[in-house]
Engineer: 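Quick one: this structure, given as structure tokens, is what I'll be asking you about.
Throughout, a chain's letter reflects where its sequence line sits, starting with A, and its residues are numbered from 1.
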Protein chains: 2
Amino acid sequence: MTAAFGTDIFREGEPAGALYNLTAGTVKLYNMLPDGRQQVAGALFPGDFLGLAMNDAYAHTAEAMDDAALCRFPRGRFEGLLERIPRLEYRLLAMVSNELAQVQDQMLLLGRKNATDKIANFLLQLSRRQAARREPANPVRMPMGRTDIADYLGLTTETVSRTLTSLKTGGPIRLLHGNSVELRDRAALEARAGGGS
Amino acid sequence: MTAAFGTDIFREGEPAGALYNLTAGTVKLYNMLPDGRQQVAGALFPGDFLGLAMNDAYAHTAEAMDDAALCRFPRGRFEGLLERIPRLEYRLLAMVSNELAQVQDQMLLLGRKNATDKIANFLLQLSRRQAARREPANPVRMPMGRTDIADYLGLTTETVSRTLTSLKTGGPIRLLHGNSVELRDRAALEARAGGGS
DNA sequence: CCCCGTCATTGACGTGAGTCAAGGTGGCGC
DNA sequence: GCGCCACCTTGACTCACGTCAATGACGGGG
């Protein structure tokens with residue numbers, strides 16, 4: 001199954017009929033706010049699962065940020081699998097637990113850090129996830145636009161832009177062509193990311 | 001098992017040796033930030049579970065906010081239970097999924113709302129949880145101090161205080177003795193809580 | 001009963017990030 | 001190659017919230 005750029009895979013509130021595994025491309029999860037803005041809950045890369053929280057309805061809308069390919073598991077059939085392979089349920093539980101831990105980190109980030117710390121964190125997170133996917137960790141690719149980054153970090157596009165510029169000027173990063181970022185001084189970023197305020 | 005006011009039930013990073021069910025009292029979950037501040041991840045009330053994310057280490061420190069009583073399930077024995085009662089694992093998965101959804105709501109709150117909206121949301125959330133526990137929904141009890149509220153909402157104690165005062169002056173709430181709040185105009189609060197910015 | 005420690009409130013002030021508003025820049029189709 | 005459009009960048013200004021600091025209200029212990 002494939003999803004073209006900009007199309008929804010499922011929408012917030014829809015009955016959760018299936019879960020998916022992303023095999024190629026990038027997908028964002030977000031919630032629409034009443035005023036039209038959106039809160040991006042996360043970005044997913046190949047290997048990640050979508051809709052694995054076993055609730056009745058999807059908690060987010062999932063939208064392809066480029067052309068994506070997915071593996072779809074209808075929920076009924078999946079639950080049948082769970083019955084027969086209890087081990088699988090344990091794995092699933094672990095995955096949801098992991099996701100929970102990640103989201104809680106993100107909470108901490110949103111509540112307590114300033115713009116620079118948020119961006120530093122974000123870049124390092126992307127880098128780590130690229131490495132986990134056995135891609136080069138360094139030139140970090142950002143398939144999403146400034147708006148999505150802003151909505152993910154609780155900032156505005158302007159602030160994201162300004163912050164990236166100031167990190168560029170300050171030395172730790174370099175902006176490359178095609179929405180990529182070279183991390184020139186990872187230690188400096190780590191310091192910002194971990195550090196408070 | 002009991003935990004007196006101010007004592008830790010478990011600490012962030014410790015091997016997750018057990019999970020707990022809170023039977024009486026109130027417990028907060030938080031992470032310490034390097035600079036000494038804390039991010040409160042949640043408040044737990046009777047009936048809630050602690051440490052149910054099946055990771056190897058606890059993601060938070062759990063501290064009793066008053067004298068609390070807990071039911072402790074050592075992890076080994078619990079996993080034995082899981083083996084024998086697959087249905088239980090499914091229940092557990094559902095609970096973790098719920099928690100995930102809640103935390104994601106909280107993320108949205110932290111990233112995108114102003115102080116008044118956060119407080120309104122917080123009060124309504126407490127009210128709903130009291131109702132879920134079959135206590136009266138209206139005078140909302142707040143067992144935690146201003147500092148904990150602030151650390152939960154990503155604010156400062158001063159801002160929490162000011163915002164409560166302004167809600168009081170504006171009409172929708174009334175501050176009672178003993179850390180309780182009377183909701184006088186729930187609709188007004190709902191409007192703030194749902195509404196954007 | 002009063003003192004003192006802890007926590008909440010209130011005020012004055014500074015600042016980081018949001019808002020509003022112009023430019024740039026690159027990609028794509030014609 | 002040109003123009004259009006979407007997106008990014010930059011600037012000026014504003015304001016909500018944080019910070020620093022003083023005061024006020026409880027509540028428990030001596």
Side-chain angles (χ1 to χ4, degrees), chain A residues 5-6 28 33 35-40 65-66 109-122 141-170 173-181 192 195-197, chain B residues 4-6 28 33 35-40 65-67 109-120 122-123 141-170 173-181 192 195-197:
Chain A
F5 167 80
K28 71 172 170 181
L33 296 175
D35 61 7
R37 288 180 314 182
Q38 51 185 52
Q39 172 70 32
V40 173
M65 291 200 290
D66 42 28
L109 191 84
L110 285 174
R112 286 295 178 199
K113 307 254 176 105
N114 63 23
T116 312
D117 295 347
K118 286 179 181 179
I119 295 281
N121 234 303
F122 177 68
R141 291 188 322 104
M142 301 196 296
M144 69 288 288
R146 295 288 184 268
T147 307
D148 287 334
I149 299 175
D151 288 339
Y152 181 58
L153 298 175
L155 299 170
T156 58
T157 58
E158 291 95 329
T159 302
V160 171
S161 190
R162 273 191 258 271
T163 307
L164 283 172
T165 305
S166 99
L167 282 174
K168 181 184 63 177
T169 315
I173 69 169
R174 206 150 64 98
L175 299 177
L176 306 178
H177 195 81
N179 270 336
S180 286
V181 179
R192 300 300 315 226
S197 182
Chain B
F5 166 80
K28 71 172 171 182
L33 296 176
D35 61 5
R37 289 178 315 180
Q38 48 184 54
Q39 171 70 32
V40 174
M65 292 199 291
D66 42 28
D67 293 341
L109 192 83
L110 285 174
R112 286 297 181 197
K113 306 253 177 106
N114 64 22
T116 311
D117 295 348
K118 286 180 181 177
I119 295 282
F122 177 69
L123 291 174
R141 289 187 325 103
M142 300 194 297
M144 68 290 286
R146 295 288 184 269
T147 306
D148 287 334
I149 300 175
D151 287 340
Y152 181 57
L153 298 175
L155 298 171
T156 58
T157 59
E158 293 95 329
T159 302
V160 171
S161 193
R162 273 190 257 271
T163 307
L164 283 172
T165 305
S166 96
L167 282 174
K168 182 183 63 176
T169 315
I173 70 171
R174 205 150 63 100
L175 298 177
L176 307 177
H177 195 79
N179 270 337
S180 286
V181 178
R192 297 302 313 230
S197 188

Engineer: Could you report the tightest heavy-atom contact between A:Met142 and A:Phe122, atom names first, then the distance?
Structural biologist: SD-CE2, 4.1 Å
Engineer: B:Ile119 and side-chain contact (heavy atoms from CB on, under 4.5 Å): which partner among B:Thr159, B:Asn114, B:Thr163?
Structural biologist: B:Thr163
Engineer: Once you apply a heavy-atom cut-off of 4.0 Å, does A:Thr157 come out as touching a base, just sugar-phosphate, or nothing?
Structural biologist: nothing
Engineer: Taking only N and O in the side chain of B:His177, is any of them less than 4.0 Å away from OP1 or OP2 of D:dG27?
Structural biologist: yes
Engineer: Which of these nucleotides, D:dC8, D:dA16, D:dA21, is closest to any side-chain atom of A:Arg146?
Structural biologist: D:dC8
Engineer: Is the distance from OP1 or OP2 of C:dA17 to the nearest side-chain N or O of A:Thr159 less than 4.0 Å?
Structural biologist: no
Engineer: Of the nucleotides D:dC20, C:dG18, D:dT10, which one has an atom closest to the side chain of B:Glu158?
Structural biologist: D:dC20
Engineer: Counting any heavy atom closer than 4.0 Å, what does A:Gly178 reach on the DNA or RNA strands: base, sugar-phosphate only, or nothing?
Structural biologist: nothing
Engineer: Using only side-chain N and O atoms of B:Arg162, determine if any of them is under 4.0 Å from OP1 or OP2 of D:dC17.
Structural biologist: no
Engineer: Nearest of C:dA17, D:dT19, D:dT9 to any side-chain atom of B:Thr156?
Structural biologist: D:dT19
Engineer: So A:Leu164, base contact, sugar-phosphate only, or nothing? Heavy-atom distance under 4.0 Å.
Structural biologist: nothing
Engineer: Within the 4.5 Å heavy-atom criterion, are A:Met144 and A:Val40 side-chain neighbours or not?
Structural biologist: no
